[in-house]
Amino acid sequence: MIELSDVVYCRVGTQDLESAEAFATTILGLEVAERTKGAIHFKSDNRDHTLCYFEGNPEDHVTAFELKTSAELQAAAATLDALGHNVQYGSPAECEIRHVREFIRFNDPTGNVIEFIVRPSMSAVEYHGARDAGITGFSHVGFYSTDVERDEKFWTTVCNARVSDRIGDAPLMRIGAIHHTIALFPGNKSGIQHINHQVESTHDIQRSSNLLRDKQVPITFGPGRHPTSSAQFLYFRGPDGMTYEYSTGVCEIHDEPLWRDRQFAFEPKGFCLWGASPKIAAFSEGDD
Ligand SMILES: CC(C)c1ccc(C(=O)O)c(O)c1O
Ligand SMILES: [Fe+2]
């Protein structure tokens, strides 16, 4: 079993790095951690970085998860290799760019590009967002899945993810106590469906809702409250159609192994306790 300890960063391609930087800083509220040729790294918490926009195809998305030791990384590589995943080791130059000691890259069964990394750098400097969005950190990622049952099996039997809840057949999976770190959404492609940052309070959700509306950033869902994690949320559209989510108050699950995953309806009431309807194709067919 491959033990993932946390999600670490997303890397997202863009053909317009300048606009991506403007969005990440002035709208989303991240801080520039580092600018290199053709890429910008952003901080959202005490880690070196949790998001990177790089010059490239906007459909190129990478998500990294941390493993505890180099020995676990070697064992994970062997397991994935035996299962037929094409595993590549990151070169020293690629490790340096990512600020990690070592990593492997492979595709999940849908084709999502995944990196397993060890020893990500922490930042010696506290995060100060370019605007006060109240961000406390990068928290979870939603992946498109061409077969959610198959991919749930991958994340829960090859890796240590556990299903906390399902909305329709879409699982919300935890790798620690936080209700979910990985969500899967039925779709006919691979890629990141949404990137979540936690914010401090309701106050931040409401303030951002007004700010985004004033700046004409499309709000695609919320403010609302998830019946699943009980978090209050706000979804909005970023560069190249990427969905970003702020949420606050996500519950934790501490009664392992007694917790039983719950079933919620794949319809607006399964997504929001307050009656908001998503304008996001992955959550409501053809509405985006
Ligand atoms: C709307 C998506 C499917 C979703 C649903 C529930 C939660 C949660 O319980 O926090 C999410 O974070 C989501 O992104
Ligand atoms: Fe989410």
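Start at 1 and go down the list; that is how both ligands and their atoms are numbered.
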May I ask you to decide if the ring planes of Phe233 and Phe221 are parallel, tilted or perpendicular, using 30° and 60° as cut-offs? tilted
Looking only at protein heavy atoms, what sits closest to atom 3 (C) of ligand 1 is Phe185 CE2, 3.0 Å
Distance col, row Ile182:CD1 vs Asn112:CG, nearest 0.5 angstrom, shows 10.5 Å
Taken to the nearest 0.5 Å, the spacing of Tyr89 OH from Gln74 CD works out to 4.0 Å
Look only at interatomic distance and state if Tyr235 has a nitrogen or oxygen under 3.5 Å from any nitrogen or oxygen of ligand 1. yes
Geometric N/O contact His180 with ligand 1, under 3.5 angstrom: yes
Evaluate the ring planes of His226 and Tyr235, with Trp represented by its six-membered ring, and classify them as parallel (under 30°), tilted (30 to 60°) or perpendicular (over 60°). perpendicular
side-chain contact (heavy atoms from CB on, under 4.5 Å) with Leu172: of Arg262, His140, Arg166, His179, only one passes, and it is His179
Which class fits the ring pair His194 and Phe185: parallel under 30°, tilted 30 to 60°, perpendicular over 60°? perpendicular
Would one find an N, O or S atom of His226, in either backbone or side chain, under 2.8 Å from the Fe ion (ligand 2)? no
Decide whether an N or O pair under 3.5 Å exists between Asn196 and ligand 1. no
Out of Gln232, His179, His226, whose heavy atom sits nearest atom 11 (C) of ligand 1? His226
Ile167 contact mode with ligand 1 (heavy-atom cut-off under 4.0 Å): side chain
What atoms in ligand 1 come closer than 4.0 Å to a heavy atom of Phe271? 1 (C), 3 (C)
What atoms of ligand 1 come closer than 4.0 angstrom to any heavy atom of Thr228? 6 (C), 7 (C), 8 (C), 9 (O)
In terms of the angle between their ring planes, are Phe266 and Phe271 parallel, tilted or perpendicular, with boundaries placed at 30° and 60°? perpendicular
Heteroatom test (N, O or S) for His140 near the Fe ion (ligand 2), limit 2.8 Å: yes
Do Lys279 and Arg237 have side chains that get closer than 4.5 Å, going by heavy atoms? no
For His140, counting its heavy atoms only, list the atoms of ligand 1 lying under 4.0 Å from any of them. 12 (O)
What is the closest protein heavy atom to atom 10 (O) of ligand 1, and at what distance does it sit? Ser229 OG, 2.6 Å
Can you tell me the angle formed at the Fe ion (ligand 2) by OE1 of Glu245 and NE2 of His194, to 10°? 90°
Students often mix this up, so state it plainly: with edges at 30° and 60°, are the rings of Phe106 and Phe154 parallel, tilted or perpendicular? tilted
